[in-house]
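Below you'll find the structure, written out as structure tokens, and then a few comments.
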Amino acid sequence: MFESKNKYYGRKKGKSFIRLEHLQSRLKLPTKSIFDKIHSPRVLEIGIGDGEKISEDAKKQNNINFIGCDIFADGVLRAIRNSLDNNLKNLLVFHLNIQDILPFVPDNYFQGIRVYFPDPWPKARHKKRRTFNYELVETLTNKLEKNGFIHFATDNSDYFLKALILMKQFNYQLTNITPDSWKYNEFNALNTKFEKKALDKNHKLFYFSVRKNY
Ligand SMILES: C[S@@+](CC[C@H](N)C(=O)[O-])C[C@H]1O[C@@H](n2cnc3c(N)ncnc32)[C@H](O)[C@@H]1O
């Protein structure tokens, strides 16, 4: 197992780890040459959680190369298992903090970046632990191609507003704005584990999609 140099406070293993740990030998470390070999279009997902959403999307959209990461081992190993079971050639996942991967990624590389239900750290004293912060967005902006998108979802209104403010600071343009575009609806629904959890708790859900047109 690779240990991240960057500090992370969330859960690192779950109940399914024992069933999946034999797949650890399949884990890869990021290198410049790994990224050079992956063809465009390339979509990054930060915090793949249980690994099911990225696996499903890789299965359905085999013209897109999906690259995902998480510090939570079970989901990364599950995505590897899904990839082997379905012979997916367009899915690469890292058991690492996103910050440990980006130094190996060329600039203007991704056509899209997805951040679905990042840990909200709702307490005021914990907000600095949030992953989607100024430093990360600054780096991501360099790694995102012109016209690339960032797609963000959360059930924390404060995180949503802070993320939108960051998008404005970096001159992203909102796409598809309608009175309903922020809300959970059939077009926004992602069917991730944390979206389902938030719906079960009757939380309000918030979504945005922005484009970097420079
Ligand atoms: C609340 S879960 C959401 C998971 C999934 N996206 C979903 O919607 O079900 C947030 C995930 O982000 C991961 N995560 C948090 N910070 C991260 C970071 N810096 N790099 C990679 N993954 C991170 C956590 O380990 C966790 O699995």
Side-chain angles (χ1 to χ4, degrees), residues 1-17 20 24 27-30 35 43-58 66-82 91-105 110 112-123 126-141 143-144 149-160 162-163 166 184 188-201 203-209:
M1 174 141 346
F2 307 122
E3 289 299 337
S4 173
K5 297 191 295 296
N6 287 296
K7 230 180 187 167
Y8 175 68
Y9 299 87
R11 223 157 55 109
K12 297 183 180 72
K13 279 183 203 171
K15 287 188 197 128
S16 53
F17 180 75
L20 295 163
Q24 281 188 98
L27 286 169
K28 291 198 169 105
L29 280 174
F35 288 107
V43 169
L44 171 70
E45 185 170 321
I46 301 170
I48 63 171
D50 66 3
E52 295 293 5
K53 169 79 180 159
I54 197 167
S55 307
E56 269 309 300
D57 288 349
F66 288 90
I67 298 162
C69 70
D70 207 298
I71 298 140
F72 181 61
D74 303 35
V76 176
L77 297 175
R78 192 171 297 108
I80 290 176
R81 189 188 64 194
N82 291 342
L91 176 58
L92 173 64
V93 286
F94 295 100
H95 180 218
L96 280 174
N97 190 320
I98 182 60
Q99 302 282 7
D100 296 330
I101 297 169
L102 291 174
F104 299 94
V105 175
F110 296 113
I113 296 173
R114 324 195 308 188
V115 186
Y116 296 154
F117 299 91
D119 297 312
W121 298 113
K123 289 185 183 155
H126 289 156
K127 278 185 191 162
K128 55 182 178 300
R129 297 179 180 180
R130 286 178 176 171
T131 299
F132 199 76
N133 57 27
Y134 187 95
E135 289 70 31
L136 183 71
V137 171
E138 190 172 36
T139 312
L140 290 177
T141 301
K143 306 297 174 191
L144 191 61
F149 69 85
I150 295 183
H151 193 191
F152 184 92
T154 181
D155 60 342
N156 183 289
S157 57
D158 177 72
Y159 208 167
F160 180 70
K162 298 277 161 45
L166 277 175
Y184 176 78
N188 278 334
L190 298 166
N191 293 318
T192 70
K193 183 172 174 185
F194 276 80
E195 185 183 68
K196 287 178 201 147
K197 276 191 183 187
L199 285 169
D200 286 346
K201 291 183 201 154
H203 287 183
K204 271 208 168 114
L205 309 188
F206 306 93
Y207 304 79
F208 70 70
S209 188

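One-based numbering, in listed order, for ligands and for the atoms of each. Everything quoted here is computed from the prediction, not taken from an experiment.
Contact atoms of ligand 1 toward Lys193: 9 (O) (distance under 4.0 Å to a heavy atom of the residue). Near Leu96, the atoms of ligand 1 lying under 4.0 angstrom from a non-hydrogen atom of the residue are 21 (C). Counting atoms of ligand 1 from 1 in the listed order, those under 4.0 Å from a heavy atom of Asn97 are 18 (C), 19 (N), 20 (N). Heavy-atom contacts of Phe72 reach the following atoms of ligand 1: 25 (O), 27 (O) (cutoff under 4.0 Å).
No side-chain N or O of Tyr207 forms a donor-acceptor pair with one of His151 less than 3.5 Å apart.
Among Cys69, Gly14, Gly47, the residue whose heavy atom sits closest to atom 5 (C) of ligand 1 is Gly47. Of the options Ile48, Asp155, Thr192, Asp70, the smallest heavy-atom separation from atom 22 (N) of ligand 1 is shown by Asp70.
The only member of Val76, Ile80, Asp74 that meets side chain to side chain contact (heavy atoms under 4.5 Å, CB included) when paired with Leu20 is Asp74.
For Glu138, the salt bridge (Lys or Arg N to Asp or Glu O under 4.0 Å) criterion is met by no residue, not counting sequence neighbours. Shown here are the salt bridge (Lys or Arg N to Asp or Glu O under 4.0 Å) partners of Lys127, two or more places apart in sequence or in another chain: Asp158.
The six-membered or imidazole ring of Phe35 lies near that of Phe94, with a centre-to-centre distance under 6.0 Å.
The shortest N or O to N or O distance between Pro118 and ligand 1 is not below 3.5 Å. Residue Phe117 places no N or O, backbone or side chain, under 3.5 Å from any N or O of ligand 1. Residue Glu195 has no N or O atom closer than 3.5 Å to an N or O atom of ligand 1. Geometrically, ligand 1 and Glu45 share no nitrogen or oxygen pair separated by less than 3.5 Å.
Cation-pi check for Lys197 over Phe194 is met; the charged atom lies under 6.0 angstrom from the ring centroid and within 45 degrees of its normal.
Closest non-hydrogen pair, Tyr159 versus Thr154, comes out as CB-OG1, 4.1 Å.
A salt bridge is absent between Asp200 and Lys196: the closest approach of a Lys/Arg side-chain nitrogen to an acidic carboxylate oxygen does not fall below 4.0 angstrom.
For Ile98, heavy-atom contacts with ligand 1 shorter than 4.0 Å involve the backbone as well as the side chain.
The shell of residues lying under 4.0 angstrom from ligand 1, judged by heavy atoms, excludes Val115.
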